[in-house]
Amino acid sequence: MNAQVARSNDPLRIVAVGLHRLKDLFRDLAPTYAQVARVEVLDSGFETAVDTINELSRQQPIDVLVAAGSNGAYLRQHIELPVVLVRVGGFDIMSALGRARSISSHIALVTHGALPVELERFNELFGLGIEQRSYRTTDEARNCVLELRARGIEVVVAPGLIADLAEAAGMASVFLYSEDAVREALDDAVEMARLSHMEGAKRERLNTILGQLRDGVVAVDMDERIEILNPAMARLLERPAPELIGRKLSDVAPELSLTRTLREPRAEIDELQKLGARAVLTSRLPITEQGTQTGAVLTCQDPESIQRVDRDLRARRHKPAANVRYRLTDLVGTTPGIVHTRSLAAQYARSDATVLIFGESGTGKELLAQGIHVASKRANQPFIAINCGAFPESLLESELFGYEEGAFTGARRGGKLGLFEAAHTGTIFLDEIGEMPVSLQTRLLRVLQEKEILRVGAIEPTRVDVRVIAATHRDLTERILTGDFRRDLYYRLNILRLELPGLRERRQDLLELVAHLARKIALRTGIDIANDARVQKLLDAAWNYEWPGNVRELENLLERVAMLASPNDATLSDVQLRELMPEISAPISSKVAASMAVHRAESEIELIRRVLEESDGSYARASERLGISRTTLWRKLKKQSPS
């Protein structure tokens, strides 16, 4: 399996094994396959062929062998490679018999293995008088030829071995295999090798994916023999993967046995158990292919990973409410989309209804959620945020709903408070709600409907008063169609809906956003880049950029300017710009650049005039709001004034 995976991108290699006249046909046809495969012809048979093939395989893996007759049968028994046999069709036989009839009427047909039943019936029906024989070994072939000569046979239709023996015995021969039959066998070999390489590529991709997982994964066949496992599982079992392949999982780690799953094909999800001296979280699932169970798979989570996530969650959960630092006014922008969203959010803050926020990563979904919380009557109560896609199902369940003492092995004495209880009277922000497992969606739906939670291991529910704000970058209607999101939960969440536009849809806000973010960076780092020429360079280069990371990406770029650009390099060159900000500094045509510059200048002056008007004509207040000096503000206005 490992050799196959390693050569999934190598050219196809086919070895055609032929003696006597068959090898000549192979050699004639091999060059015609040069564009799709390398066909090598081996002029040997039986034991010698096996030794040679094994040596060739050690040098470079062979995909498929092609052979015929007794030689092909021998190879199938003595070598672990797929062997395609050259088979004789009815047309080949009739054609060969026709050629033999032109030589003599005393004809014998000799084949390797069983005689074709149809030919026997045809021979009897039409009274052709053709002697028919078969052979399996070389000795049988010699004896067959001697017998036919004694019976007065003058021409033999047969494979190469018999044909050569017949001619040595003074009889004529007609070679049984046609060029078409050999070509068909080579075609089959090429297709088999191609499919093998495709399967190898799939295995390679699967191994790459499994290799990136922190969870241990092992799959077994119906005899519970290990077929595949990833590095994380090998580390948990404390043995190299090659030593484990082919062994029974129960022999390697009895605690992780999959015999029950193979015997009773049902899923066992998120069980806490011991592996040696460690606690692990395991899930067992049957593997079913085309309606038939073919094995089982076990996933096993590293306890250190569980503890790391658990510590991180607790650290964030116990931050004081004062850590809620965003207000709706921090959602900067004057484009219609952002103004509308900010206005709706202010209205929604007066309600306790569930809010569902849609927006790409980096558009400010948590900022908006915090702003709604701060503007609501719950502002002085807890605000708790959790990313539903960052935790395994069992851990997410216990963190959201808590658990009772003794609910499972290793459960904390006295149980644990869940996040819904911790957010009582306040707001809980469920980020990436689209990633929540379906089983937990059912429990969340009950919280929204009944206003109560049930701890893991508890019998009596606990009432909670929590305002739920959820967010996602996913298309939830699409996930409903695929069965990954409950329709009834979607309607419960989507009572009040907000959409955050991507930064590429609100480029006119770039100037105001840059000024706002520059002030934040200055407060955090002490580096003021508000009047830095490099920032203007960024704006010039970024107007036609798609901003896949949205406002978060913009803030990161500004911080990079602040931290990495030399203060003495106010005249940043294009080369330096590309080094500092490669994401947005791709060259554009001068015509497009000029058009964008005009459009940007018009948007910029409109913003400046609007802010100046709102500041009652005060240059000082307007320049402070815009994050630029009064001299810069005056210069920009004068530049736009008619001469």
Less than 4.0 angstrom from a charged side-chain N to a carboxylate O is my criterion; do Lys520 and Glu559 meet it? no
Side-chain donor-acceptor contact under 3.5 Å, Asp330 with Tyr326: no
Note: Leu275 and Leu236 closest approach over all heavy atoms is CD2-O, 4.0 Å
Between Arg263 and Leu258 (side chain of the first, backbone of the second, donor and acceptor by atom type, cut-off under 3.5 Å), is there such a pair? no
Specify the closest pair of heavy atoms between Ala375 and Ala349, including all atoms of both residues, with the distance to one decimal. CB-CB, 3.7 Å
May I ask you to say whether Glu450 pairs ionically with Arg463, meaning some side-chain N is under 4.0 Å from a carboxylate O? no
Using a strict threshold of under 4.0 Å (side-chain N to carboxylate O), is an ion pair present between Glu268 and Arg260? yes
Short side-chain to backbone donor-acceptor contact, Gln301 and Asp270, under 3.5 Å: no
Restricting to non-hydrogen atoms, name the atom on Glu366 and the atom on Phe383 that form the minimum distance, rounded to 0.1 Å. OE2-CE2, 4.2 Å
One should read off an interatomic distance between Glu553 CD and Leu557 CG, to the nearest 0.5 angstrom, of 5.5 Å
Under 4.0 Å between a side-chain nitrogen and a carboxylate oxygen: does that hold for Arg497 and Glu499? yes
Looking only at heavy atoms, which two atoms of Leu419 and Ile386 are closest? And how far apart? CD1-CD1, 3.5 Å
Would you say Gln370's side chain and Arg327's backbone share a donor-acceptor pair under 3.5 angstrom? no
Just checking, is any N or O donor in the side chain of Thr363 or Asn550 under 3.5 Å from an acceptor N or O on the other one? no
Nearest 0.5 angstrom please: Phe401 CZ to Leu444 CG, how far? 6.0 Å
Minimum heavy-atom separation for Val551 to Arg506, with atom names? CG2-NH1, 3.9 Å
Heavy-atom side-chain proximity of Thr477 to Phe485 below 4.5 angstrom: no
Please determine whether side chain to side chain contact (heavy atoms under 4.5 Å, CB included) holds for the pair Leu331 and Leu500, giving the CA-CA distance in whole Å, both sets of side-chain angles, and the decisive distance to 0.1 Å. CA-CA 10 Å; Leu331 193 64; Leu500 278 168; 4.0 Å; yes
With a 4.5 Å heavy-atom cut-off, do Ile495 and Val355 have their side chains touching? no
Do the side chains of Leu210 and Met233 get nearer than 4.5 Å, heavy atoms only? no
Rounded to the nearest 0.5 Å, how far apart are CG of Leu229 and SG of Cys300? 11.5 Å
Run the numbers on Leu285 and Thr261 for side chain to side chain contact (heavy atoms under 4.5 Å, CB included), then give the verdict. CA-CA 7 Å; Leu285 294 164; Thr261 309; 5.9 Å; no
Are Ile433 and Met436 side-chain neighbours, meaning at least one heavy-atom pair lies under 4.5 Å? yes
Is there a donor in the side chain of Thr425 and an acceptor in the side chain of Gln381, or the other way round, less than 3.5 Å apart? yes
When you measure from the side chain of Arg467 to the backbone of Ala353, do you find a donor-acceptor pair of N or O atoms at a distance under 3.5 Å? yes
Is the side chain of Lys365 donor-acceptor paired with the backbone N or O of Glu360 at a distance under 3.5 Å, no angle test? yes
Is the backbone of Ile269 close enough, under 3.5 Å, to the side chain of Arg284 for a donor and an acceptor to pair up by distance? no
In the structure I gave you, are the side-chain heavy atoms of Lys274 and Val280 within less than 4.5 Å of one another anywhere? no
Which residue pairs pass the salt bridge (charged side-chain N to carboxylate O under 4.0 Å, His left out) test when at least one of the two sits in residues 430-442, sequence neighbours left out? Glu435-Arg474
Taking only residues two or more places apart in sequence or in another chain, which ones pass salt bridge (charged side-chain N to carboxylate O under 4.0 Å, His left out) with Arg194? Glu191
Answer whether the closest heavy-atom distance between the side chains of Ile228 and Val218 falls below 4.5 Å. no
Using the six-membered ring of Tyr545, assess whether NZ or CZ of Arg504 lies under 6.0 Å from its centre and within 45 degrees of the ring axis. no
Is the backbone N or O of Tyr348 less than 3.5 Å from a side-chain atom of Ser351, with the two atoms forming a donor-acceptor pair by type? no
Rounded to the nearest 0.5 Å, what separates atom CG in Leu368 from atom NE2 in His373? 13.5 Å
Salt bridge present between Asp465 and Arg378 (N-O < 4.0 angstrom): yes
How long is the gap from CD1 on Ile480 to CG on Leu489, to the nearest 0.5 Å? 8.5 Å
Does Asp223 use its side chain to pair, donor to acceptor, with the backbone of Arg225 at less than 3.5 Å? no
With a 4.0 Å cut-off on N to O distance, would you call Glu397 and Arg443 a salt bridge? yes
Non-hydrogen side-chain atoms of Leu498 and Leu356 separated by less than 4.5 Å: no
Which atoms form the tightest heavy-atom contact between Pro501 and Ile338, and what is the distance? CD-CD1, 4.1 Å
Rounded distance (nearest 0.5 Å) linking atom CG of Asn494 with atom OG1 of Thr354: 10.0 Å
List the steps and the verdict of side chain to side chain contact (heavy atoms under 4.5 Å, CB included) for Gln273 and Leu256. CA-CA 9 Å; Gln273 62 178 96; Leu256 303 180; 4.0 Å; yes
Would you check if there is a donor-acceptor pair between the side chains of Asp509 and Thr335 at a distance under 3.5 Å? yes
Report yes or no: does Thr282 contribute a side-chain atom to a donor-acceptor pair with the main-chain N or O of Glu271 at less than 3.5 Å? yes
Look at Asp488 together with Arg486 and state whether they make a salt bridge at an N to O cut-off of under 4.0 Å. yes
Evaluate the side-chain proximity of Phe429 to Ile372: yes if any heavy-atom separation is below 4.5 Å, no if none is. no
Can you check side chain to side chain contact (heavy atoms under 4.5 Å, CB included) on Glu399 and Leu395, steps first, answer last? CA-CA 6 Å; Glu399 293 299 334; Leu395 183 56; 3.7 Å; yes
Quick check: does any side chain N or O of Thr341 sit under 3.5 Å from a backbone N or O of Gly337, one acting as donor and the other as acceptor? yes
